[in-house]
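Below is one structure, written out as structure tokens, with a few remarks after it.
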Amino acid sequence: MKEDAGAGKKFHTITVTGSDPEEKTLTFQLRNTTIYLIVAGVCVVVGVLLGFIIFETRQVLEISARMTEKQQELSDEYANLAAQYEQLEGQYADEILENEDLTSQVEALTATLQDKLAAEEEASAQAESEALPTGFPVTGSSTPAELPEGESELDEAVYYEGSEGAVVVATGTGTVELIRENAYGYYEVHIDHGNGYVSIYTNMGTPLVREGDAVVRGTPLYLIQEDNTLIKYQITKDNALINVYTIMSVEG
């Protein structure tokens, strides 16, 4: 590049040659103002590029910082959720154990209730069985007696001749509802068994029980002595006399 002076103006001559001597040589003349404008333009372009690069770099840094902050927030949120999950998992495990314990308690209570119900049913069945006047009315040795004179077969009564020292006993559980002396000087003991059955014992001896007494099968009612060996026994069902042998057990 050469500087040329002419008419007070300065020029810069730029010669472009190739590496081959035969190639054409190009020559340019540029004024100083043109050079200044080119340099200024280059500086502007470089400045714009640098500004754009700086702006984009800041944008990238800001985005990176926001991403880092967001990742930290997500990490913190994940850690919080993980802690909540562990807490809920622990509570769930505790609830499962509590439910298992409650289930065991319910099963135990159910078994106890079933056992209690079974025992009550068994006791009720036994009480019902014991309330039936199926027992034999005399302990010790006794023999069937003939129908005494003046007695009627229509009263469905059975008679036994007991031995001295034997005992007339209740044939089932119940309550002594009536004790009375009849026209022949015999004492009658009526036992209400609470199921429609009433057993009636007649003997000349003095009753060993009183009205209102609760009795069980085998409770002594009379003591058989020399002068009261004859026992009369009857049963009513719903206030109607029935055949004693239809309910008396074989063991009786």
Problem set entry | Full working for side-chain contact (heavy atoms from CB on, under 4.5 Å) between E56 and I53 | CA-CA 5 Å; E56 290 298 323; I53 291 172; 5.9 Å; no

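- Under a 3.5 Å cut-off, the side chain of T229 and the backbone N or O of E226 do not form any donor-acceptor pair.
- Note on V244: it clusters hydrophobically with L132, by side-chain heavy-atom contacts below 4.5 Å among ILVMFWY residues.
- Listed for the T112 side chain is a donor-acceptor partner under 3.5 Å among the backbone atoms of A108.
- Taking the side chain to side chain contact (heavy atoms under 4.5 Å, CB included) definition, one finds that T103 meets it with E107, sequence neighbours left out.
- Note that CG of N195 and CG of D238 are 9.0 Å apart. Values are rounded to the nearest 0.5 Å.
- For the pair T139 (side chain) and V167 (backbone), a donor-acceptor distance under 3.5 Å is present.
- Applying the side chain to side chain donor-acceptor pair (under 3.5 Å) test to pairs two or more places apart or on separate chains, those with a residue in residues 62-85 are Q72-D76.
- If you chain together hydrophobic residues whose side chains sit under 4.5 Å apart, Y233 and V189 fall into the same group.
- The hydrophobic clustering, which links ILVMFWY residues whose side-chain heavy atoms are closer than 4.5 Å, places I247 and Y245 together.
- Checked against side chain to side chain contact (heavy atoms under 4.5 Å, CB included), Q225 has the following partners two or more places apart in sequence or in another chain: L223, D227, N228.
- Contact detail for V216 and A170: the closest heavy-atom pair is O-CB, 3.5 Å.
- In this structure, CD on E95 lies 11.0 Å from CG on L102, to the nearest 0.5 angstrom.
- Counting only distance, with no hydrogens or angles, the side chain of R217 and the backbone of T173 share no donor-acceptor pair below 3.5 Å.
- With hydrogens and angles disregarded, a donor-acceptor distance shorter than 3.5 Å links the side chain of S163 to the backbone of S141.
- Within the 4.5 Å cutoff, the side chain of T219 has no heavy atoms near those of the V169 side chain.
- To the nearest 0.5 Å, the span separating CD1 on I63 from CZ on R58 amounts to 14.5 Å.
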Problem set entry | Stepwise side chain to side chain donor-acceptor pair (under 3.5 Å) check, Y201 with T171 | CA-CA 10 Å; Y201 313 79; T171 56; 3.0 Å; yes

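- Residues I200 and I231 are members of separate hydrophobic clusters, defined by side-chain heavy-atom contacts under 4.5 angstrom among Ile, Leu, Val, Met, Phe, Trp and Tyr.
- Contact annotation: the side chain of S199 never approaches that of Q234 to less than 4.5 Å [non-hydrogen atoms, C-beta and beyond].
- Between E211 atom CD and L178 atom CG the span is 5.5 Å, to the nearest 0.5 Å.
- Once rounded to the nearest 0.5 Å, the distance linking CD of E86 with CD of Q91 reads 12.5 Å.
- Using a 4.5 Å cut-off on side-chain heavy atoms (C-beta onward), I191 and V215 make contact.
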Exercise. Does the side-chain contact (heavy atoms from CB on, under 4.5 Å) test come out yes or no for D155 and L241, once each step is laid out?
Worked result: CA-CA 7 Å; D155 62 7; L241 288 167; 4.3 Å; yes

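- Ring geometry, F136 versus Y160: the interplanar angle exceeds 60°, so the pair is classed perpendicular (tilted spans 30 to 60°).
- When the side chains of ILVMFWY residues are joined at heavy-atom separations under 4.5 Å, either directly or via intervening members, V138 and V209 end up in a single hydrophobic cluster.
- Legend: salt bridge (Lys or Arg N to Asp or Glu O under 4.0 Å) pairs involving residues 171-182, not counting sequence neighbours, sorted by first then second residue: R180-E188.
- Legend: residues meeting side chain to side chain contact (heavy atoms under 4.5 Å, CB included) with L230, ordered by chain and number and at least two apart, are A145, P148, Y159, E161, Y186.
- Of the inter-residue distances, the one linking Y197 atom OH with T134 atom OG1 reads 10.0 Å to the nearest 0.5 angstrom.
- Residue pairs meeting the side chain to side chain donor-acceptor pair (under 3.5 Å) criterion with at least one partner in residues 118-128, sequence neighbours excluded, are Q126-E130.
- In this structure a side-chain-to-backbone donor-acceptor pair under 3.5 Å is missing from D101 to S104.
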